[in-house]
Amino acid sequence: MHLANKRMMELQQLLEKEVIAAVKELFNADLPSVEFQPTRKDFEGDVTVVVFPMLRVVKGNPVEIGNKVGEYLQKNVAEITKFNVVKGFLNLVVSNSYYLEFFNGMVANPTFGYATGSSKDAVMVEYSSPNTNKPLHLGHIRNNLLGYSVAEILKAAGHKVYKTQIINDRGIHICKSMLAWQQFGDGETPESSGLKGDHLVGKYYVAFDKAYKAEIEQLIAKGKDKETAAKEAPLLSAAQEMLRKWEAGDKEVVALWKKMNGWVYEGFDTTYKNLGVDFDTLYYESDTYLLGRDVVKDGLEKGVFFKKDDGSVWIDLTDEGLDEKIVLRSDGTAVYMTQDIGTAIQRVTDFPDINGMVYTVGNEQDYHFKVLFLILKKLGFTWAEKLHHLSYGMVDLPSGKMKSREGTVVDADDLMDNMTNTAASISEELGKLEGYSKEEKQSLYKMIGLGALKYYILKVDPKKRILFNPEESVDFQGNTGPFIQYTYARIQSILRKAQLVGSETVSPSLELHEKEKELLKQLEMFPIKIEEAAQAYSPALIANYTYDLVKEFNSFYQQVSILGEADEDIKKFRVLLSKKVAEVIKNAFRLLGVAMPERM
RNA sequence: GGCCUCAUAGUUCAAGGGAUAGAAUAGAAGUUUCCUAAACUUUAGAUCCAGGUUCGAGUCCUGGUGAGGCCA
């Protein structure tokens, strides 16, 4: 743990010890723990002790108790200079020198807040995991941003992390695209059409659906009912036949499958690159879809599973308040659960140091993962205790749910382009970028546009659903990514002019402006926030923390002059403080995958 | 039908059981001879309903209502 981090922990710990000692001495009572909170803005003070919980061991008036404890602390703890009691809240004023020493302790550390070294468990974080029959859409964007960000947060909190995805590269869906391309494609390729590979394949997936629906209509016109028509349509049978051939290893089908998946991967790579996400290792369903069956056999012998009369294998989870769940069909074929069991075990085999996995998958799969984790626990894997489903809400449009087959999706590539264009037009209008080349401008627009999009999505609690209105949703003013980037850019402008020289420490006896102290308190929180975000798997905590910090800085920036300050010591402190604020902003947003511009 | 989430200003989001529920947007009003006005300052506006637990409930429990999802 870094020095500055330790210091802050020490203050809380020290205060806790002192409060307990105070209660012992003043009231001869044993306090099990002390409740702290940051003092609210409307009151004087920095740290607040909540008196109410003490009433369980000390009889009396909370205000009187608070006052007595306050007097004790003021007398015995050097860091406490003043106190006041409001109702049952003991507000403590912490000395400026404490905060300035904290500042001196962190000022030279460019990665303040990040854990040093990887002392915690290695964790595998799975996210994205697309099907290879269509391009990525807005829902994938939320998934990718969340997964990537949680992985980065876990790293910052001291975990070793493997980022992975399981690519759903086999199955009926990809056969549909393949079949449609074969029948209507006329040899079209990404090169010949100028379409991105994933979009090209997606086009044929839609084409399949259209033709399939037409066939159904025809069959219905011939007197079939809807269900039989859907089952008997020749296109569907052909797709199913293709899947059988694929599973049998038919050369022609496999070659086509490889070609079209290759197009899709190229397209995905571009999207991932634009989105700024990456992976350490990949899993393909075509490699893993047969896994898990041996484990089911073992589980049967161990009595974890049981066999029904028809030969299908089940697990009984009624004791856990769930129901019975099938793990192998009567014909011996696998279900999703079988694969997932096998894949989880495979991963631990591949990366023996991992102790914990995070699955970034939408909340419609809550039940599936509950069951999966329970099964793995019952099978006796110790790491099964440390599995986590990072469940998140759907992204809905004002028009309702996104359905790729019906074309009511917000395409990931289009959306990123739109955001970049919006950023460009706002920037051009403001016209602050003289001296920037075309390329520099373009990369800046992208940084801002994506910053807006990423922040917009990540600031929301993952479990809540998002209603996304493409026209109005993503803003560039107020509580937004660009607002935070702008603050960073302004600080960089100051730093360019300031020309720092000499040692980077300040005198602990400096007078502190109210805003400066607030900023120091905010900075002090950063390591704790990372820890909280890691435990809650919530990038939203980082986003909101950064926003609070930036808000505070803008207020400071408006109220006091940094470069115009006459006193050299104070000026130096303010410049250094601004620099550290910028660094923390940058390091915090790095955890969200958002980059910071030097100018904007 | 069974189970799982969610419900906070007009709108989009905050609030580890703690003080007078914070922001942003949209609305009203102000701040450019001064470090980037994508900023700052002021103003008005909200906890779905009914019970319960608690010194204290937006937060926990029960029952409704509404939205979404999963399982047949």
Side-chain angles (χ1 to χ4, degrees), chain A residues 35-43 45 48-56 61-62 85-91 321-326 362-371 391-394 396 400-401 422-423 426-427 429-433 448 451-452 455-469 472-498 528-529 532 535-536 540-541 543-545 547-548 550-551 553-565 571 574-575 578 597-600:
Chain A
E35 199 177 317
F36 294 100
Q37 54 182 273
T39 304
R40 290 205 144 204
K41 286 264 169 64
D42 339 324
F43 304 97
T48 294
V49 176
V50 187
V51 181
F52 293 108
M54 297 182 191
L55 298 177
R56 277 179 215 126
N61 175 329
V85 178
V86 182
K87 294 185 191 167
F89 299 89
L90 168 58
N91 302 319
L322 306 174
D323 50 17
E324 295 181 345
K325 193 83 193 170
I326 190 165
N363 63 8
E364 73 274 13
Q365 305 250 32
D366 283 357
Y367 191 78
H368 175 83
F369 282 101
K370 226 189 215 174
V371 172
S391 163
Y392 61 91
M394 296 282 99
D396 290 325
K401 215 181 155 171
T422 308
I426 292 174
S427 293
E429 211 170 292
L430 293 172
K432 296 182 188 174
L433 298 171
I448 298 169
Y455 185 82
Y456 177 79
I457 288 175
L458 288 175
K459 76 173 176 180
V460 182
D461 184 340
K463 68 172 184 270
K464 292 194 177 171
R465 54 192 280 260
I466 293 183
L467 189 81
F468 190 88
N469 185 333
E472 306 169 4
S473 282
V474 183
D475 223 328
F476 289 73
Q477 272 164 6
N479 186 358
T480 68
F483 167 85
I484 288 160
Q485 290 171 319
Y486 174 70
T487 302
Y488 181 86
R490 279 213 299 203
I491 295 175
Q492 295 315 305
S493 171
I494 289 175
L495 296 180
R496 279 192 294 272
K497 288 171 188 160
I528 296 181
K529 287 293 168 183
E532 281 177 10
Q535 274 176 25
L541 296 181
N544 291 322
Y545 163 75
Y547 176 68
D548 289 341
V550 162
K551 192 101 180 100
F553 183 84
N554 281 335
S555 181
F556 161 75
Y557 180 94
Q558 199 76 19
Q559 279 192 34
V560 308
S561 182
I562 298 165
L563 297 175
E565 171 60 44
K571 176 174 163 184
R574 288 183 181 161
V575 171
S578 304
E598 296 304 304
R599 286 173 58 185
M600 70 184 272

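Residue numbers start from 1 in every chain, and the chains themselves are labelled A, B, ... in the order their sequence lines are given, proteins ahead of strands.
- Separating the CD atom of Q559(A) from the P atom of U31(B) is a distance of 18 Å, rounded to the nearest angstrom.
- Closest contact between the side chain of F483(A) and the listed nucleotides A38(B), G22(B), A39(B) involves A39(B).
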Let's test your reading of the pairing rules: Watson-Crick or G-U wobble, both distances under 3.5 Å, then write RNA chain B as a dot-bracket string with ( ), [ ], | and dots. (((((((..((((....[...)))).(((((.......)))))....(((((..]....)))))))))))).

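- The side chain of K464(A) places no N or O atom within less than 4.0 Å of a non-bridging phosphate oxygen (OP1 or OP2) of U12(B).
- Within the nucleic acid shown, L55(A) has no heavy atom closer than 4.0 Å to any nucleic acid atom.
- In terms of position on RNA chain B, the residue among D461(A) and E364(A) whose nearest nucleotide sits closer to the 5' end is D461(A).
- Within 4.0 Å of E35(A), counting heavy atoms only, lies at least one base atom of the nucleic acid.
- Proximity of K325(A) to the phosphate of C71(B): no side-chain N or O atom is located under 4.0 Å from OP1 or OP2.
- Of all nucleotides listed (A39(B), C4(B), C35(B)), C35(B) comes nearest to the side chain of I562(A).
- For K497(A) and U36(B), the shortest distance from a side-chain N or O to OP1 or OP2 is below 4.0 Å.
- When heavy atoms are screened at a 4.0 angstrom cut-off, N61(A) is found touching no nucleic acid atom at all.
- Proximity of T480(A) to the phosphate of A24(B): no side-chain N or O atom is located under 4.0 Å from OP1 or OP2.
- Nucleic acid contact for Q37(A): base, since at least one base atom lies under 4.0 Å from a heavy atom of the residue.
- Aromatic stacking of F52(A) on G18(B): satisfied, with centres closer than 5.5 Å and planes within an angle under 30 degrees.
- The side chain of Y557(A) approaches U36(B) more closely than any other nucleotide in the set U12(B), C70(B), U36(B).
- Taking 3.5 Å as the limit, the base of U5(B) and the side chain of K463(A) contain no donor-acceptor pair of atoms between them.
- A donor and an acceptor atom, one from each side chain of T480(A) and D475(A), are nowhere located under 3.5 Å apart.
- Distance check on atom P: G64(B) versus G2(B) gives 10 Å, rounded to whole Å.
- Distance check on atom P: G22(B) versus U41(B) gives 16 Å, rounded to whole Å.
- The aromatic ring of Y547(A) is not stacked on the base of A23(B), since the criterion of ring centres less than 5.5 Å apart with planes inclined by under 30° is not met.
- Not one side-chain nitrogen or oxygen of R496(A) sits closer than 4.0 Å to the OP1 or OP2 atom of U36(B).
- If you check every strand for non-hydrogen atoms under 4.0 Å, P53(A) touches a base.
- Proximity of a side-chain donor or acceptor of R599(A) to a complementary backbone N or O of S493(A) within less than 3.5 Å is not detected.
- Distance check on atom P: A44(B) versus C35(B) gives 32 Å, rounded to whole Å.
- Heavy atoms of R465(A) sit under 4.0 angstrom from primed sugar atoms or phosphate atoms, though from no base atom.
- Counting non-hydrogen atoms under 4.0 angstrom, A536(A) reaches nothing in the nucleic acid.
- Picking from A38(B), G18(B), A19(B) the nucleotide with the shortest atom distance to the side chain of V50(A) gives G18(B).
- A gap of 28 Å separates the P atoms of U5(B) and G56(B), to the nearest Å.
- The backbone N or O of T48(A) lies less than 3.5 Å from no partner atom in the side chain of R40(A), so there is not a single donor-acceptor pair.
- Ranking U36(B), C13(B), A38(B) by closeness to the A489(A) side chain, first place goes to U36(B).
- A ring-centre distance under 6.0 Å is not found for Y486(A) and F483(A).
- Expressed to the nearest 0.5 Å, how far NZ of K551(A) lies from CD1 of I484(A) amounts to 11.0 Å.
- When the P atom is compared between G10(B) and A46(B), the two are found 7 Å apart, to the nearest whole Å.
- Within the nucleic acid shown, F36(A) comes within 4.0 Å of at least one base atom, counting heavy atoms only.
- For the OP1/OP2 pair of A24(B) and a distance below 4.0 Å, the side-chain nitrogens and oxygens of K551(A) include at least one atom meeting the criterion.
- To the nearest 0.5 angstrom, K459(A) atom NZ is 8.5 Å from Y547(A) atom OH.
- Classification of U32(B) as syn follows from a glycosidic angle within 90° of 0.
- In this model, a side-chain donor or acceptor of S427(A) finds a partner on the base of A38(B) within 3.5 Å.
- For D323(A) and C71(B), the CG to C1' distance is 7 Å, given to the nearest whole Å.
- We find the CD1-CD1 distance between I562(A) and I491(A) to be 7.5 Å, quoted to the nearest 0.5 Å.
- The aromatic rings of Y456(A) and F468(A) stand perpendicular to each other, their planes meeting at an angle above 60°, with 30° marking the opposite boundary.
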Criterion side-chain hydrogen bond (donor to acceptor under 3.5 Å, both in side chains) on N363(A) and R465(A), from CA distance to verdict: CA-CA 9 Å; N363(A) 63 8; R465(A) 54 192 280 260; over 6 Å; no

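- For the C1' atom pair drawn from G58(B) and G16(B), the interatomic distance equals 14 Å after rounding to whole Å.
- The OH atom of Y488(A) sits 13.0 Å away from the CE atom of M600(A) when rounded to the nearest 0.5 Å.
- The base of A19(B) sits within donor-acceptor range of the side chain of T48(A), with an N or O pair under 3.5 Å.
- Evaluation of F89(A) against the base of A19(B) yields a stacking contact (centre distance < 5.5 Å, interplanar angle < 30°).
- Rounded to whole Å, the C1' atom of U62(B) lies 30 Å from the corresponding atom of C13(B).
- Taking 4.0 angstrom as the limit, K87(A) places a side-chain polar atom (N or O) nearer than this to OP1 or OP2 of U20(B).
- Regarding D548(A), its CG atom lies at a distance of 12 Å from the P atom of G16(B), rounded to whole Å.
- L322(A) comes within 4.0 angstrom of nothing in the nucleic acid, heavy atoms only.
- With rounding to the nearest 0.5 Å, the separation of OG in S427(A) from CD1 in I448(A) is 4.0 Å.
- On the C1' atoms, A72(B) is 49 Å away from C55(B), given to the nearest whole Å.
- When the nearest nucleotides of RNA chain B are assigned to N479(A) and V460(A) by heavy-atom distance, the more 5′-ward of the two goes with V460(A).
- Using a 4.0 Å heavy-atom distance criterion, Y486(A) is classed as a base contact.
- A close approach under 4.0 Å does not occur between any side-chain nitrogen or oxygen of S555(A) and OP1 or OP2 of C40(B).
- Distance N544(A) CG to G16(B) C1': 14 Å, rounded to the nearest Å.
- Within 4.0 Å of V371(A), counting heavy atoms only, lies no atom of the nucleic acid at all.
- Atom CZ of residue F556(A) and atom OG of residue S578(A) lie 5.0 Å apart, to the nearest 0.5 angstrom.
- Side-chain proximity of D475(A) to G22(B), U25(B), C13(B): nearest is U25(B).
- Counting any heavy atom pair closer than 4.0 Å across all strands shown, R56(A) reaches a base atom.
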